[in-house]
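Presented below is the structure to which this report refers.
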Amino acid sequence: KGLSPGINFQEFLAWFAQRLRQGSFMTEAQRLQGLAEKYGMRKDVLSHLKETFDGCARESGEQISEQDFSRILHGAMKVPPDMTLPPRRVATFWTEICRSSGG
């Protein structure tokens, strides 16, 4: 099917409304602000979590491993460098998130 030579206002409006709902016109800062509001977090905390997650994901693809998850969790919970979370607790959290995401 070829491209239409033009569109009417209703076609434009339908396309625009769909893109708006999808957040296609939002900046990254606006997306982060929306996520912060949705999850009841301060934007700076969410930004830090995203930067940490993205750093781990860049190293291993789009998804993180359980080891990456542990590293992110330690940072998010501000665990001092000389301490660690109990491995069983990290494993329990990892299992929870994998089950809830279907992974």
Side-chain angles (χ1 to χ4, degrees):
K1 183 176 171 180
L3 294 177
S4 172
I7 61 170
N8 64 34
F9 180 69
Q10 189 170 352
E11 291 167 329
F12 167 78
L13 193 56
W15 171 83
F16 187 81
Q18 178 185 11
R19 291 295 188 170
L20 202 56
R21 279 191 303 276
Q22 294 171 346
S24 296
F25 304 122
M26 294 173 68
T27 65
E28 182 66 14
Q30 290 169 323
R31 277 194 244 299
L32 289 177
Q33 183 62 45
L35 287 171
E37 290 170 7
K38 179 179 179 177
Y39 293 106
M41 299 176 77
R42 290 190 348 238
K43 186 179 174 200
D44 62 316
V45 172
L46 189 130
S47 292
H48 174 71
L49 288 173
K50 178 151 178 36
E51 286 174 22
T52 305
F53 184 95
D54 288 349
C56 290
R58 265 193 295 282
E59 295 170 9
S60 59
E62 289 188 21
Q63 295 184 334
I64 61 168
S65 67
E66 185 174 355
Q67 184 178 5
D68 295 328
F69 172 73
S70 179
R71 209 166 71 203
I72 294 168
L73 196 56
H74 277 78
M77 296 178 73
K78 299 182 185 332
V79 176
D82 59 327
M83 298 184 76
T84 61
L85 292 170
R88 289 185 115 177
R89 188 169 189 188
V90 174
T92 298
F93 291 154
W94 178 252
T95 301
E96 285 176 5
I97 198 167
C98 287
R99 282 189 183 145
S100 70
S101 68

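- Between Cys56 and Arg71, the closest heavy-atom pair is SG-NH2, 2.8 Å.
- With sequence neighbours excluded, no residue satisfies side chain to side chain contact (heavy atoms under 4.5 Å, CB included) with Arg88.
- Qualifying ring-ring contact (aromatic ring centres under 6.0 Å, His included) partners for Phe69, counting only residues two or more places apart in sequence or in other chains: Trp94.
- Not counting sequence neighbours, the partners of Leu49 by the side chain to side chain contact (heavy atoms under 4.5 Å, CB included) test are Met41, Val45, Ala76.
- Listed by chain and residue number, Gln33 satisfy the side chain to side chain donor-acceptor pair (under 3.5 Å) test with Glu37 (two or more places apart in sequence, or in another chain).
- No donor-acceptor contact under 3.5 angstrom links the side chains of Ser47 and Asp44, judged on distance only.
- With sequence neighbours excluded, no residue satisfies salt bridge (Lys or Arg N to Asp or Glu O under 4.0 Å) with Arg89.
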Decide yes or no on side-chain contact (heavy atoms from CB on, under 4.5 Å) for Leu85 and Ser70, but give the supporting numbers first.
-> CA-CA 8 Å; Leu85 292 170; Ser70 179; over 6 Å; no
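- With sequence neighbours excluded, the residues forming a side chain to side chain donor-acceptor pair (under 3.5 Å) with Lys50 are Asp54, listed by chain and number.
- Summarising the geometry, atom CG belonging to Leu73 is positioned 9.5 Å from atom CD1 belonging to Ile97; distances are rounded to the nearest 0.5 Å.
- Between the CG atom in Leu46 and the NZ atom in Lys38 there is a gap of 11.5 Å [rounded to 0.5 Å].
- Listed by chain and residue number, nothing satisfies the side chain to side chain donor-acceptor pair (under 3.5 Å) test with Asp82 (two or more places apart in sequence, or in another chain).
- Shown here are the side chain to side chain contact (heavy atoms under 4.5 Å, CB included) partners of Ala17, two or more places apart in sequence or in another chain: Arg21.
- Interatomic distance, Leu13 CG to Ile7 CD1, rounded to the nearest 0.5 Å: 10.0 Å.
- Taking the side chain to side chain contact (heavy atoms under 4.5 Å, CB included) definition, one finds that Arg19 meets it with Trp15, Gln22, Ser24, Phe25, sequence neighbours left out.
- A search for side chain to side chain donor-acceptor pair (under 3.5 Å) contacts involving Glu51 returns nothing, not counting sequence neighbours.
- The stretch residues 29-55 participates, sequence neighbours left out, in no ring-ring contact (aromatic ring centres under 6.0 Å, His included) pair at all.
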